[in-house]
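Along the sequence shown, residues are numbered consecutively beginning with 1. Model, not experiment: these values are computed from the prediction.
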Amino acid sequence: MSSRTHFGVVDQAMKSMKTVEEYIKVGMETTLDVGMDFVEHDKDNEKQIDELRSVMKDYVRMERDLQQFMEAVECVKSTATKKNEPLDLEKELDNKLLELKQANKDAELTQHEKYVDLIDKVNEMQQPDCVFCEGSYAGPATSTQIDEDIAMTQPEVNTRCPYTGKDMINPVKNSYCGHHYDKEGISHYIKIKGRKAKCPVGGCGNDKPIELSDLIEDKDLKKFIDRKNRHNKKKN
């Protein structure tokens, strides 16, 4: 079997691993959604919350192991391509994997953005201080009560970015005029317009060009948006 044919098989396997990586990411998102739904209805059940943390940590570990394996394969492929003499590819792969794994630390698992996101959101819902959701977490609520809360609150809170026209994902507030935008959208707008980037809200009296340093992360509005999106998923 030629090396070209051999690596063709490897490349096909790598594509399958990319698919597995996407499944892991979906698993992380599902764990986050399930965690939020669970805490919303039973926020004091520490045993179940610990299980959710463990599940998320397992997903993070699987993602790390898969990424390291793919990195090792790419490294061995590169080495084999550059060298003329035959190589024991399996041995080279094992050695590279061992090298990568020696640097692994369990503490890194809990620093992953999805694990941190889970912890942060659980803490926020156990000790709510969201001004947009005041009174929403006074106790376990039924789905009907929650939907009614959302329905009453939505008209009072604009979650649509004035620049992108879409619902905000990571809302930021202009410290000068108080208007909100989606972080990614307004950052793109500033990059394109430069010093001509003015607040895109119609009728805004603030003539100061928007700078990235003017934008403040709005955690309260972010909580509200996440909560609204979760319940919209349930209804659909």
Discussion item. Is there a path of hydrophobic side-chain contacts, each under 4.5 Å between heavy atoms, that joins Met14 and Ile24?
Written reply: yes

Discussion item. Is there a path of hydrophobic side-chain contacts, each under 4.5 Å between heavy atoms of I/L/V/M/F/W/Y residues, joining Val20 to Phe69?
Written reply: yes

Worksheet entry | Within 6.0 Å of NZ in Lys173, more than 12 heavy atoms from elsewhere | no

Worksheet entry | Atom NZ of Lys208: over 12 foreign heavy atoms under 6.0 Å | yes

Practice prompt. Verify side-chain contact (heavy atoms from CB on, under 4.5 Å) between His180 and Asn158, making sure each step is shown before the conclusion.
Written response: CA-CA 9 Å; His180 289 85; Asn158 182 14; over 6 Å; no

Between [Y] and [X], does any NZ, NE, NH1 or NH2 come within less than 4.0 Å of an OD or OE carboxylate oxygen?
| X | Y | result |
| --- | --- | --- |
| Glu99 | Lys96 | yes |
| Lys222 | Asp226 | yes |
| Glu217 | Lys183 | no |
| Asp106 | Lys57 | no |
| Asp50 | Arg53 | yes |
| Lys91 | Asp94 | no |
| Glu211 | Arg195 | yes |

Worksheet entry | Main-chain N/O of Asp214 paired with Ser175 side-chain donor or acceptor, under 3.5 Å | yes

Discussion item. When you measure from the side chain of Ser78 to the backbone of Cys75, do you find a donor-acceptor pair of N or O atoms at a distance under 3.5 Å?
Written reply: no

Worksheet, complete the sentence: When every non-hydrogen atom of Met168 is compared with those of Ile225, the smallest separation belongs to O-CG2, 3.4 Å

Worksheet item: In Å and rounded to the nearest 0.5 Å, what is the NZ to CZ distance from Lys166 to Arg160?
Response: 10.5 Å

Item to complete: Given side-chain contact (heavy atoms from CB on, under 4.5 Å), test Cys177 with Val201 step by step and report yes or no.
Response: CA-CA 10 Å; Cys177 65; Val201 175; over 6 Å; no

